[in-house]
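Written out below as structure tokens is the structure these notes cover.
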Amino acid sequence: MATNRDQTLIPKLFRLEYSKMTAVLCSHFGLGNIAVAEDIVSETFLKATELWASNVLPENPTAWLYTVARNKAKDYLKRNAIFEAQVKIEIKPEERENDWDFNEESISDSQLAMIFAVCNPGNSTEAQICLALQILCGFSIEEIADAFLSKKETIKKRLFRAKNVLRQDNFQIRTLQEAGISSRLDAVLKTLYLLFNEGYFSKSNDQLIRRELCSEAIRLALILTENTWTNVPKTNALLALMCFQSSRLAARADDSGATILYEQQDKGLWSQELIDKGNYYLVNACSGTEVSKYHLEAGIAYWHTPPTDQHKWDHILKLYNQLILMEYSPVTALNRAFAFAKVYGNEKGIRETEKLQLKDSAEYHALLAYLHTNTAADKAIDLYQKAIDLTKSLPEKKTLRREMENLIKKLNDNEY
Amino acid sequence: MKEFLLIFRLSTASSQKPSPEQIQERMNWLAGIAAQNKLADKGNTLSTLHAKTVMPDNVVTDGPYAEIKEFISGYIIVKTDTIEEAVEFAKGNPIFKMGGNIEVREVL
């Protein structure tokens, strides 16, 4: 008799199944009743926690969860008077009689629909990411708060407001049609892009959470490539970008969580498997004439993957030129200036960077510090200090401090 | 912020195709303005081959207006506080190496 000795089973199942079950239930209840779907799923897990702690584990825990959720949903429909009054008219009788399906097809359809429902442009981007993390990825409020370095209360409030927006939205997740898909695909891709970046450039010191954010973004993007309507070039470009960036995740942080700069990374830790996947999706992305910002960013990430290439920075600068013309952002402007310095030398790079006048940005001072390192170490140290004072990210502070200390040490060594 | 139209003119004599280096130089210049968030419109390059000039009395001639020995090759719109700043941007453009010039006009 196997008892539930594995304390990690339920958290694992929760992460895997929460979003699937909520998605399927929502496709029946409608988005307006997302709270009902979430309650049923939570109750199901509560029941599992209670039963499995003292009793024998079911042979197939996942199937057990689906059965319980299905029964709870049916019970809910039977007894709930509010539902009868408000939602009945929207659901045809024969559909209500239908079994609640948790087969693979209905899960993946429901999840796709859910992705589109959650990525609502009416919500702020931060709220969209929070929602995606909770509803699509099964993150707890605590974990979300961790990822954002925010208080639990703040996240709760943000989610509450965001769900209100969803409720007022007329988006029909049951009847996801081509027109609805293409008009909202950009918002969906942007949310996944931000979700991934939140992990890749996270403020959080927690390596595990950062990695999970990235892999969840990839999992959701993969769902998009499995549907003909959403498997378009820009989706593939975004996925390629995520694969290329992820290939360096292991090499990017040291044990203390500080970021290791690209040039100092152990290239042996890069994942060739993910680079190959990136290449695969990048080829798929180039099947049309469209060039999205994800194409350009994937192209830039691609040029970072070969260990050496003589003209690599020329290519990267060209892509950054296109990217900044497509959409201005301070980050792109700074990255472009870095590439400019790589092609034309630090002196011209400094001039190009100073034109940006991003005096409130830690990255701006850090880049100038880097470019001054070999010619004006004193100035570089001052600039590093400015960057350290400006950044709020702890891993970033560590990285900058390390660079600054190395420079001070070098300076002192030269004097004696 | 005001907007200024930069009109690029080339003389008919120097209409040879730009080299990859010249294109790269021009792109760097344009992206450099965009990187300062001061590009309002990246504009367009204008064809000299597919060009006609329409004049009074249904007179249509091929090509850009040929009485003066230069033609407009393209335009962009920048957003700056002053016309002097827009002029500074214009000064950095590689068109002068090809014998061209740039007219700066405030958009009203």
Side-chain angles (χ1 to χ4, degrees), chain A residues 291-293 295-297 299-300 303 309-361 363-368 370-371, chain B residues 1-8 17-47 72-98 100 102 104 107:
Chain A
V291 179
S292 66
K293 83 178 213 146
H295 282 86
L296 298 174
E297 290 202 38
I300 292 163
W303 280 110
D309 184 288
Q310 214 189 326
H311 298 294
K312 150 178 158 172
W313 287 105
D314 295 286
H315 297 295
I316 292 175
L317 177 59
K318 272 183 200 165
L319 289 162
Y320 271 124
N321 280 346
Q322 280 177 271
L323 191 59
I324 197 82
L325 287 174
M326 195 177 277
E327 188 183 276
Y328 169 81
S329 88
V331 177
T332 307
L334 286 165
N335 285 335
R336 177 187 170 272
F338 181 79
F340 193 90
K342 285 284 174 194
V343 176
Y344 298 105
N346 286 3
E347 200 182 314
K348 284 186 180 162
I350 289 169
R351 260 180 280 151
E352 194 71 11
T353 309
E354 281 175 343
K355 282 185 204 160
L356 305 180
Q357 292 293 315
L358 297 165
K359 296 205 161 141
D360 300 328
S361 147
E363 288 80 8
Y364 171 76
H365 295 287
L367 174 58
L368 280 176
Y370 171 85
L371 296 174
Chain B
M1 284 272 181
K2 291 173 184 164
E3 293 194 347
F4 296 93
L5 180 69
L6 271 53
I7 305 161
F8 306 110
K17 282 213 156 181
S19 67
E21 288 75 23
Q22 283 170 319
I23 291 172
Q24 178 67 20
E25 210 179 334
R26 187 174 186 280
M27 269 302 279
N28 284 341
W29 174 80
L30 188 62
I33 298 172
Q36 297 171 56
N37 205 12
K38 287 184 174 164
L39 191 65
D41 187 326
K42 66 180 171 187
N44 283 294
T45 304
L46 303 177
S47 166
I72 297 170
S73 63
Y75 68 90
I76 65 163
I77 301 173
V78 299
K79 40 180 181 184
T80 57
D81 289 324
T82 61
I83 194 165
E84 284 72 26
E85 209 184 328
V87 166
E88 280 310 306
F89 278 142
K91 282 180 185 169
N93 190 284
I95 198 168
F96 306 110
K97 296 177 193 167
M98 298 168 77
I102 300 174
V104 181
V107 179

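Below, chains carry the letters A, B, ... as their sequence lines are ordered, and counting in each starts from 1.
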Between the NZ atom in B:Lys38 and the OH atom in A:Tyr328, the distance rounded to the nearest 0.5 Å is 10.0 Å
Cut-off 4.5 Å, heavy atoms of chain B, and the answer for A:Gln357 is neither
Cut-off 4.5 Å, heavy atoms of chain A, and the answer for B:Ile33 is neither
Verify side chain to side chain contact (heavy atoms under 4.5 Å, CB included) between B:Gln24 and A:Lys318, making sure each step is shown before the conclusion.
CA-CA 8 Å; B:Gln24 178 67 20; A:Lys318 272 183 200 165; 3.0 Å; yes
In terms of heavy-atom contacts, A:Arg336 and B:Ala31 come closest through NE-CB, 3.4 Å
When rounded to the nearest 0.5 Å, the distance separating CD of A:Gln322 from NZ of B:Lys42 is 8.5 Å
Most heavy-atom pairs under 4.5 Å with chain B, out of A:Leu323, A:Leu356, A:Leu358, belong to A:Leu356
Ranked by heavy-atom pairs below 4.5 Å to chain B, first place among A:Leu317, A:Thr332, A:Leu334 goes to A:Leu317
Check your understanding: In this structure, are over 12 heavy atoms from other groups packed under 6.0 Å from B:Gln22 atom CD?
Key -> yes
task: Count the heavy atoms belonging to other residues, nucleotides or ligands that lie under 6.0 Å from NZ of B:Lys2, then report whether that count exceeds 12.
output: no
Taking every heavy atom of A:Ala333 against every heavy atom of B:Ala35, the minimum-distance pair comes out as CB-O, 3.4 Å
Okay, A:Phe340 and chain B: the region with an atom under 4.5 Å from a heavy atom over there is side chain
Item to complete: Decide side chain to side chain contact (heavy atoms under 4.5 Å, CB included) for A:Asn321 and B:Leu30; before the verdict, give the C-alpha distance in whole Å, the side-chain angles of both, and the deciding distance to 0.1 Å.
Response: CA-CA 8 Å; A:Asn321 280 346; B:Leu30 188 62; over 6 Å; no
